[in-house]
Amino acid sequence: MAARPQRPSAGINQAAHPGGPLLDLGGQNPVYNDGEAPPVNDHERLQHYHRAAPDRQPPRPSVSYDDFMGASKDSTASLPGGPGPQRGHTQAPYLDINSARTYSQTSDLNNYQRYSDMDDLPDDDPIIQGGYYQQSGPVEGGPTPMVRSHRNRNSVLSMGGGIMGRAKNMLGMGPEYSEMDMPLRDTTPGQQRTNSDLAEDHGKHQPTQKVAASFKFGLGRGKPDASTLGPRLIHLNNPPANARDKYVDNHVSTAKYNIATFLPKFLFEQFSKYANIFFLFTAALQQIPNISPTNRYTTIGPLIIVLLVSAGKELIEDYKRKNSDKSLNNSKTRVLQGSSFETVRWVRVKVGDIVRVESEEPFPADLVLLATSEPEGLCYIETANLDGETNLKIKQAIPETANLVSPVELSRLSGRVRSEQPNSSLYTYEATVTTTASGGEKELPLAPDQLLLRGATLRNTPWIHGIVVFTGHETKLMRNATATPIKRTQVERMVNIQILMLVSILIALSIVSSVGDLVVRTKAKQQLSYLYYEDSSAAKQFFSDIFTYWVLYSNLVPISLFVTIELVKYCQAFLINSDLDIYYDKTDTPATCRTSSLIEELGQIEYIFSDKTGTLTCNMMEFRQCSIGGIQYADEVPEDRRATESNPIGIHDFNTLRRHSHEHQSRTAIHHFLALLATCHTVIPEKQDEKSGDIKYQAASPDEGALVEGAVMLGYKFTARRPRSVTVSIDGEEFEYELLAVLEFNSTRKRMSAIFRCPDGKIRCYCKGADTVVLERLGQENPIVEATLQHLEEYATEGLRTLCLAMREVPEPEFQQWLQIFEKANTTVSGNRAEELDKAAEIIEHDFFLLGATAIEDKLQDGVPDTIHTLQEAGIKVWVLTGDRQETAINIGMSCKLISEDMTLLIVNEETAQATRTNLENKLTAVKSQAGAGAAEMETLALVIDGKSLTFALEKDLEKMFLELAVMCKAVICCRVSPLQKALVVKLVKRNLKAILLAIGDGANDVSMIQAAHVGVGISGVEGLQAARSADVAIGQFRYLRKLLLVHGAWSYQRISKVILYSFYKNIALYMTQFWVSRKHAFLDSVPTECFRQYSFQNSYSGEVIFESWTLSFYNVFFTVFPPIVMGIFDQFISARLLDRYPQLYRLGQKGVFFRMRSFFSWIGNGFYHSLLAYFISELIWYWDLPQSDGKVAGHWVWGTALYTAVLATVLGKAALVTNIWTKWTFLAIPGSMIIWLVFIAAYATVAPKLGFSTEYDGVVPRLFTSPIFYLMALVLPGLCLLRDFAWKYYKRMYRPQTYHHVQEIQKYNIQDYRPRMEQFQKAIRKVRQVQRMRKQRGYAFSQADESQTRVLQAYDTTRERGRYGEMASVRPKMERGKSRRKERP
């Protein structure tokens, strides 16, 4: 926590932070001392802090996060996504300006919540109660100070919970430093620094906070957290000075491993699987002499193979991530070197470099804008990759640097930038630039208007120059990202539990066998003298037996399980990558499964969190339809609705509109309608080619661009803009409209008006805006209102974005009188200028004549509505998290069928925490009362919440209430949310609901959300590749999510479940026979002595094995490895067509039908049953040790080999019984495995004894393969074992069928489905209901940012030619760029 500087006492500077010196350098010179301004005196400091006025509230030292989260209001309030009005409070957080402040600068907001990356801790965990959600609130005497310091808050030992958490951090796997670990409205990063503060920093040393992320395997000292340091000092055109500060490079990595972390991270991840720990322990026991009954290498060898295969898969996947990062880091940009710009790679860009970025190029790092090609240093940037907003943002260089348009001038620039330290706030920035001017230094302030963020793209501006302030992982984009997490699936966690259960069974069997051995030693030692029992204590012998039987029964846990799963998942990922149905040919983008270990969770998704821009939409606006004078026009008219002579009320095409503009009775309305579209906007025209006359329109809002393009298409071409006029070409003739005043758009007015003196000399007020605000300002004579309303209703049902257009003629005297009022309001300095301007606008915006309405299509990606509808039918809830404004988000929700006309919208849009609480409580109470009233059908709900309200809703005391309300809704839309808030919403659901979450997005603003969810999906090729690089799966279009989940996800989950359960079963079926042979000797006490020799081959709990050691090990490696692999890759319990046709089948995965604990126990029980049956039936078949024709007996190893063959045939038969679809690979795998065994045993049992190992097989083959009993047992015994399985399968399918059994019958017999007719009927009914109902929340086409458009309009004169460097001079004399250059140029 940063503390407010205290009053200096006796000339000794006090620490600005409560923890002591900033950098403990042991008396060395302070770091930040170059170019430091002279210290200010006490009078200046007193004046700054207003200490002479004790009744005046001291200023807040930091505003960075306060404005971002709405705690206070300052100059950044007008920024898009910035704060709203300042909320008053009864007491400032600074109770006493003389007291040492040890609590947050947002204490009055009662916010002490820490959103941890740990999602699995229960709410009653003391770590959470005492640390993560350290509560404080107003009590008597004021707010309770926060007791935890910033050092404790981010301590590596306070995260991770207990020994495992500490172990992770010791291995360098603690959570990287992230703003996710900070309170949502904490203000530590980017503190506002005054000159006096900066001067004091050099006279004292501050403590450095260490970052857990830089803690390397428990060795060395971590790097200080940048957010706790003083200001960043950047020298202009002085690389050596900047190099001394050792700023991070511009390299960005999303890879999971590096050379140093691969081994510890990989081993930690692998040995977090209990099976691998089990096998490591077993391998260690096998190395102890006289303990292991098997070969000492039969476990460690396969374990090493398993780890090597897993390591290879991880390396391949991480290599692909590194290649993606490499392509980004090697992108090219231009850096000033000497007096010219040279092309360099992004990775070579350093802090302090001056770079040149040209139109349509992304920014390589965080830059401070110095100059642009546009007047007054203006430029347009697109931040859809950062915050999801489609409208362009306007940035502006400060006037003192706006004239630096040539490389020579830039190379002469000297001075320094004093910047805030890196932080995650996208909407705030505090810095100063000191330049040399007129022989002295001049310090100039820098604000967010001058900051260009990495991830944003330059649009509609030929070029800009900027100085790099943050690079690589210190950019605001990367500070909003989190480290690549290690994700584990729900199936994997359940497998760990099941393995623990198997280990418990193993321990129980070992104890029983050990006790049996002690009993035999005690009661039958004399009869078993040939075993040479040694005299030893019972305790020693007991524990020795425990370890022996542990090794003997260790194969109950299949060592090949995880490598089989990894191989199956990798092949499933390959099939996804190769699926042409999810290949996007327009951008040559196949699906890419980057993390195959999560593939089965694609079949269990319950919540989808989606971005809007670029994910659901194409970010393309198209002018589709309009209504003028009560007549509808469209570019594409359906034949059944086309207007004809017999049906004049239909829809006309745009060709008819052009004819009507000359000859129809509504031609006057058409003229003013099109003139309004061509003039009332903030678009800047830029001629691409003087010869062709092609014009490119620079539009801050894509909606406005579409309207202007629509006017051009209809013959009204906007050609030039001057500060006080616009020029429109109509039928080849140019007309000039004199601009008299602009009444700007904002989210309150929901309209924009422009007052022109038209070519005919009359003054007209053109207005466009939402129908709700325009219709209520109409005059009495408006005959087309009803017809226009009907058209608006039709547009709304089609999901189009609408605007109403109106005008009025203003008499000259009225205008002159109003102009005085408007100019007075425009010069108000009392702080309420916007309110005064709104009042002035109300005076003239009345008695409008309605011209008509427009309908713009915010073009959705193909198939989005059907995809969302199908996913909802599959039981998946879709939440949209977007940076766009509320009206836009609701409109898109309507278009993509996320919300429908008959849904009740619960809108939460509040300014304070208390208001948010009240709103949520009221809505929750109403919903519960409606649900409890016993209504036949509860009305469908959709929740819409904005970013500021979401800030409060995510607080500890409100989050449960917000989540309870949200999960009751069919759809949730969160608007105006930051990237951090997206991740926090996902984490909230993840922490409190036992559901699998999927997040999908296309921009860098979605990375945190993607990484926070269980499964992250990135859309590649739309807004860049940042999201796709960080995602687990990358696809080309949102619609591909349908097949990815409903088909590939359902298949993967069912296949993986079957592979795991079958792997457990097959090991139990074979290795439990070892236990039954041990138990057989329990009957010896009742057997007469003369019969004893007939049972002499039993092991009497001695630990002797039935099967040869290497044969046991090869059971999982060769003889039963192929059936589960083939089932896991090729098996289909339902075809892809029917899985897509019946999305309800997806709920089988959501409910975990195929992988329940009940299923586990049934398969394990089946394995016990088969092993018991196989053992005792083989005992009967080989009764009396099967005497041979030559008078000898077959012996132990012949019987063991025959039993091995019978059990193998049983488990292969079980694989055949559970296989749903037979392919050529299935035939090769199941019968082929038996063939492999028969060939192997014939060759191995012959060759191995001759080579001196596996001597147990000496002489076995001649007796085994010549015995008809062997073949009879290999055929009859599996049939007897599987008889129960076949009967149970018949009973389940015939008398207790599940839903997918019915669909399997439909698939098998190709039964016709008549549902399409019913769906078409239901669709028609919904259409009728929508047309009959007036839209509750009509979206309107205005995504313009709430910022001043007047400054843009007054700066441009597009009739002027550009200068030598492509710059456009400002029309304001004081901003003429050429003056300074002419003075310097000889």
Side-chain angles (χ1 to χ4, degrees), residues 117 119 173 176 253-258 261-262 265-266 268-270 272-273 309-325 481-493 495 562-579 582 589-605 608-609 983 986 990 996-1002 1006-1020 1025-1036 1040-1041 1044-1045 1048-1049 1051-1053 1055-1056 1059 1128-1129 1149:
D117 288 336
D119 305 307
M173 288 174 288
E176 303 261 348
S253 174
T254 60
K256 190 176 179 180
Y257 306 107
N258 57 40
T261 63
F262 172 74
K265 278 189 176 182
F266 172 75
F268 180 86
E269 186 173 357
Q270 291 301 312
S272 65
K273 302 171 182 176
V309 171
S310 299
K313 185 185 79 70
E314 290 289 323
L315 287 173
I316 290 173
E317 291 183 348
D318 210 50
Y319 178 74
K320 295 178 181 177
R321 296 190 191 100
K322 288 183 179 292
N323 281 342
S324 297
D325 295 335
T482 54
T484 303
I486 296 177
K487 297 181 179 180
R488 297 186 181 91
T489 68
Q490 188 176 14
V491 169
E492 186 177 320
R493 288 191 290 268
V495 168
F562 285 104
V563 71
T564 302
I565 292 175
E566 294 292 342
L567 182 59
V568 165
K569 288 182 178 181
Y570 186 82
C571 293
Q572 288 176 352
F574 177 79
L575 293 177
I576 291 176
N577 298 346
S578 306
D579 191 344
I582 50 179
T589 305
T592 305
C593 190
R594 296 165 56 87
T595 310
S596 60
S597 58
L598 305 175
I599 200 165
E600 74 272 17
E601 293 207 325
L602 292 173
Q604 299 176 276
I605 302 299
I608 290 179
F609 299 86
V986 174
K990 185 178 180 182
I996 306 299
L997 316 179
L998 180 145
I1000 180 170
D1002 70 312
D1006 304 315
V1007 170
S1008 296
M1009 173 179 71
I1010 285 172
Q1011 293 183 339
H1014 293 99
V1015 180
V1017 177
I1019 304 289
S1020 56
L1025 296 174
Q1026 186 68 30
R1029 289 189 183 98
S1030 303
D1032 303 305
V1033 182
I1035 55 179
Y1040 298 151
L1041 198 62
L1044 183 68
L1045 299 185
H1048 288 290
W1051 279 347
S1052 297
Y1053 169 68
R1055 289 165 175 170
I1056 292 296
V1059 167
I1129 298 174

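Both backbone and side-chain heavy atoms feed into the values below; hydrogens, waters and symmetry mates do not.
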Q.
Donor-acceptor check, side chain of D318 to backbone of Y257, threshold 3.5 angstrom: yes or no?
A. yes

Q. Looking at CH2 of W1051 and CD1 of I576, how far apart are the two atoms once the value is rounded to the nearest 0.5 Å?
A. 10.5 Å

**Q.** Residues which pass side chain to side chain contact (heavy atoms under 4.5 Å, CB included) with E566, listed by chain and number, not counting sequence neighbours
**A.** K273, S310, K313

Q) When rounded to the nearest 0.5 angstrom, what is the spacing between CD in Q572 and NE2 in H1048? A) 10.0 Å

Q) Which atoms form the tightest heavy-atom contact between G1016 and A1031, and what is the distance? A) O-CB, 3.5 Å

**Q.** Side-chain heavy-atom pair I1019, D1006 within 4.5 angstrom cut-off
**A.** no

(Q) Tell me every residue that passes side chain to side chain donor-acceptor pair (under 3.5 Å) with T489, counting only those two or more places apart in sequence or in another chain. (A) E600

Q: Enter the distance from F609:CZ to L998:CG here, rounded to the nearest 0.5 Å.
A: 9.5 Å

Q: Tell me, please, which residues at least two apart from K322 pass side chain to side chain donor-acceptor pair (under 3.5 Å).
A: none

Q) Roughly how far, to the nearest 0.5 Å, is the NZ atom of K265 from the CD atom of Q270? A) 14.5 Å

**Q.** Side-chain heavy atoms of S253 within contact of D325, under 4.5 Å
**A.** yes

(Q) Before you tell me yes or no, could you show the steps for T592 and K320 under side chain to side chain contact (heavy atoms under 4.5 Å, CB included), namely the whole-Å CA-CA distance, both residues' side-chain angles and the distance that decides it to 0.1 Å? (A) CA-CA 10 Å; T592 305; K320 295 178 181 177; 5.7 Å; no

Q.
Using side chain to side chain contact (heavy atoms under 4.5 Å, CB included), reason through D579 and L1044 one step at a time and then give a plain yes or no.
A. CA-CA 10 Å; D579 191 344; L1044 183 68; over 6 Å; no

Q) Would you find a donor on one side and an acceptor on the other, under 3.5 Å apart, between the side chain of D1032 and the backbone of V1015? A) no

Q) What pairs with E492 under side chain to side chain donor-acceptor pair (under 3.5 Å), at least two apart in sequence or on another chain? A) none

Q) Can you name the residues that form a side chain to side chain contact (heavy atoms under 4.5 Å, CB included) with S324, not counting sequence neighbours? A) R594, R1029

Q) Considering residues at least two apart in sequence or located in another chain, which fulfil the side chain to side chain donor-acceptor pair (under 3.5 Å) criterion with H1014? A) none

Q: Answer yes when E269 and K256 have at least one side-chain N-carboxylate O distance shorter than 4.0 Å, and no when they do not.
A: yes

Q. Do I565 and K569 come within less than 4.5 Å of each other through their side chains, counting heavy atoms only?
A. yes

Q: Answer yes or no: is there a side-chain heavy-atom contact under 4.5 Å between R1055 and I1129?
A: no

Q. Just how far is it from atom CG of L602 to atom OG of S1052, taken to the nearest 0.5 Å?
A. 6.5 Å

Q: Grab the two heavy atoms, one from L1045 and one from I605, that are nearest each other, plus how far apart they are.
A: CD2-CG1, 4.1 Å

Q: Any chance you could measure I599, atom CD1, to C593, atom SG, to the nearest 0.5 Å?
A: 4.5 Å

Q: For R321 and T595, test the side chains for any donor-to-acceptor distance below 3.5 angstrom and give the result as yes or no.
A: yes

Q | Within-4.5 Å side-chain heavy-atom neighbours: I1035 and V1033 | A | yes

Q: Check the pair I1000, I608 against side chain to side chain contact (heavy atoms under 4.5 Å, CB included), reporting the backbone distance first and the verdict last.
A: CA-CA 7 Å; I1000 180 170; I608 290 179; 4.1 Å; yes

Q.
In terms of relative ring orientation, are F262 and F266 parallel, tilted or perpendicular, with 30° and 60° separating the classes?
A. parallel

